[in-house]
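Heads up: the structure comes next, in structure tokens.
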Amino acid sequence: MSGRILVTGATGTLGRPLVERLLADGAAVRVMSRRARPAGDGRPCEWRVADLETGEGLDAAVAGVDVVVHCAMHQRKEAAHTRRLLDAVRAEGRRPHIVYVSIVGVDRVPFSYYRTKVETERLIESSGLPWTVLRATQFHELVAGVTTAQRRLPCVFVGKGVPCQPVEVREVAARLAELAQGEPAGRVPDVAGPEVRSWYELARATTASWPRHRRIVQLRLPGRTFRAFAQGHHTAPDRAVGTVTFEEFLAAQRQR
């Protein structure tokens, strides 16, 4: 075992299944969240309220931990939040293993959030602390969510010719749990979903169960960012280690 494991972003899309997997493994888990522990949450984990934006509660959250799995995401401020987290860790005087989840293609697609992820990776790599970075393709939830967000529009828009390789979030969580309980490994092989599919196909699968038919319109946008996505730089066909397909994910969502 690797000692006490702190999970930032522990109540998010990835953080929740990660905490569950770590607890199932018998790990000593400390949840970090901006919100208080919900009433009735009797899981055998510690809970610390902390805010990466203000730093409030952060010192107490990182105190005495041996591993930090950093899953807290922010579209614009993730690098700044990570810098604050690393400063708090170093000030505490320990050298915990930092495990960070990033995105496949962040160094090949000139998307603004991806540039933030690259900056965050570099902060961790140069922190002087032991580290591991795992890149994953987009979660099924994100791909489906982009389509569902357009549900009230007369049609659904997708990028023409853009491939996607979505992965089941629990499979990423399982890999992160394994890394958190192991030795620091630097940049490890990517985790990607089982299939490379077109964005159009995935949008069509998402809308298939909607009560009202929606036309799907494919758009080709100008610029380097769209071109990089269209060329599949955010996919990893050689790392198709996921097993849950997009249709299987959708079926499971409908049963909930």
Side-chain angles (χ1 to χ4, degrees), residues 9 12-17 71-79 101-120 135-172 190-240 242-256:
T13 301
L14 175 59
R16 288 193 303 271
C71 298
M73 302 177 187
H74 195 287
Q75 194 75 17
R76 293 178 294 106
K77 299 182 179 180
E78 191 164 321
V101 60
S102 189
I103 304 171
V104 168
V106 289
D107 52 353
R108 296 182 294 170
V109 179
F111 181 48
S112 58
Y113 180 48
Y114 283 18
R115 288 195 292 267
T116 300
K117 299 294 280 190
V118 170
E119 182 182 357
T120 303
R135 290 180 180 178
T137 52
Q138 288 73 27
F139 300 148
H140 291 312
E141 285 86 350
L142 175 63
V143 175
V146 170
T147 299
T148 303
Q150 303 178 68
R151 189 164 190 155
R152 297 185 183 278
L153 299 178
C155 56
V156 171
F157 296 96
V158 301
K160 186 173 184 178
V162 175
C164 298
Q165 194 179 359
V167 66
E168 167 60 42
V169 67
R170 288 174 179 79
E171 294 182 311
V172 179
D190 299 340
V191 170
E195 301 174 314
V196 178
R197 307 275 297 283
S198 72
W199 189 352
Y200 175 84
E201 287 180 315
L202 299 181
R204 187 170 59 185
T206 304
T207 62
S209 63
W210 291 5
R212 181 182 167 193
H213 173 73
R214 291 291 192 284
R215 180 179 171 223
I216 301 173
V217 177
Q218 301 187 72
L219 299 177
R220 187 179 298 279
L221 303 177
R224 294 186 304 125
T225 299
F226 182 85
R227 186 162 59 249
F229 278 124
Q231 291 171 345
H233 290 327
H234 59 303
T235 65
D238 60 332
R239 290 296 304 159
T243 62
V244 179
T245 68
F246 190 69
E247 280 79 6
E248 288 170 341
F249 160 78
L250 291 175
Q253 292 293 107
R254 287 193 291 269
Q255 291 173 5
R256 291 180 181 176

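Remember, predicted model here, so these are calculated numbers, not experimental data.
By the 4.5 Å heavy-atom criterion applied to side chains, Thr243 and Glu248 are not counted as neighbours.
With sequence neighbours left out, the side-chain contact (heavy atoms from CB on, under 4.5 Å) criterion links Gln255 to no other residue. Residues passing the side-chain hydrogen bond (donor to acceptor under 3.5 Å, both in side chains) test with Thr225: none are found, sequence neighbours excluded.
In this structure, the side chain of Arg115 engages the main chain of Pro110 through a donor-acceptor pair within 3.5 Å. No side-chain donor-acceptor contact under 3.5 Å links Lys160 to the backbone of Tyr200. Although no hydrogens or angles enter the test, the distance criterion places no donor-acceptor pair under 3.5 Å between the side chain of Glu247 and the main chain of Ala205. Side-chain N or O atoms of Gln138 include none that pairs as donor or acceptor with a backbone N or O of Pro166 at under 3.5 Å. Side-chain atoms of Ser198 come within 3.5 Å of backbone N or O of Glu201 as a donor-acceptor pair. Without hydrogens or angle criteria, His234 side chain to Pro163 main chain gives a donor-acceptor distance under 3.5 Å.
Of all heavy-atom pairs between Ala236 and Gln165, the closest is N-OE1, 2.7 Å. Taking every heavy atom of both residues into account, Glu171 and Gly242 meet most closely at OE1-CA, 3.4 Å. When every heavy atom of Pro237 is checked against every heavy atom of Val196, the shortest pair comes out as CG-CG2, 4.2 Å. Counting all heavy atoms, side chain and backbone alike, Thr137 lies closest to Ala192 at OG1-CA, 3.4 Å. The minimum heavy-atom distance between Ile216 and Ala203, with the atom names listed, is CD1-C, 3.8 Å. Nearest approach of Gly193 to Val167, heavy atoms of both residues: N-CB, 3.6 Å.
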Residue pair Val106, Arg135: steps toward the side-chain contact (heavy atoms from CB on, under 4.5 Å) verdict:
CA-CA 9 Å; Val106 289; Arg135 290 180 180 178; 3.6 Å; yes
Derivation and outcome, side-chain contact (heavy atoms from CB on, under 4.5 Å), residues Leu202 and Thr147:
CA-CA 9 Å; Leu202 299 181; Thr147 299; over 6 Å; no
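The aromatic rings of Phe249 and His140 lie parallel to each other, with less than 30° between the two planes, well short of the 60° mark.
Leu221 contributes atom CG, which lies 11.0 Å from atom CZ of Phe157 (distance to the nearest 0.5 angstrom). Taking CZ of Arg151 as the start and OG1 of Thr206 as the end, the distance is 10.5 Å to the nearest 0.5 Å. The CZ atom of Phe139 sits 8.5 Å away from the CD1 atom of Ile103 when rounded to the nearest 0.5 Å. Here CD of Glu78 is found 3.5 Å from NZ of Lys117. Values are rounded to the nearest 0.5 Å. One finds the OG1 atom of Thr235 at 14.0 Å from the CZ atom of Arg197 (value rounded to the nearest 0.5 Å). Within the model, atoms CZ of Phe246 and CD of Glu168 stand 11.5 Å from one another, a figure rounded to the nearest 0.5 Å.
Screening residues 211-239 for salt bridge (Lys or Arg N to Asp or Glu O under 4.0 Å), with sequence neighbours left out, gives no hits.
With 3.5 Å as the limit, one finds no donor-acceptor pair spanning the side chains of Glu195 and Thr245.
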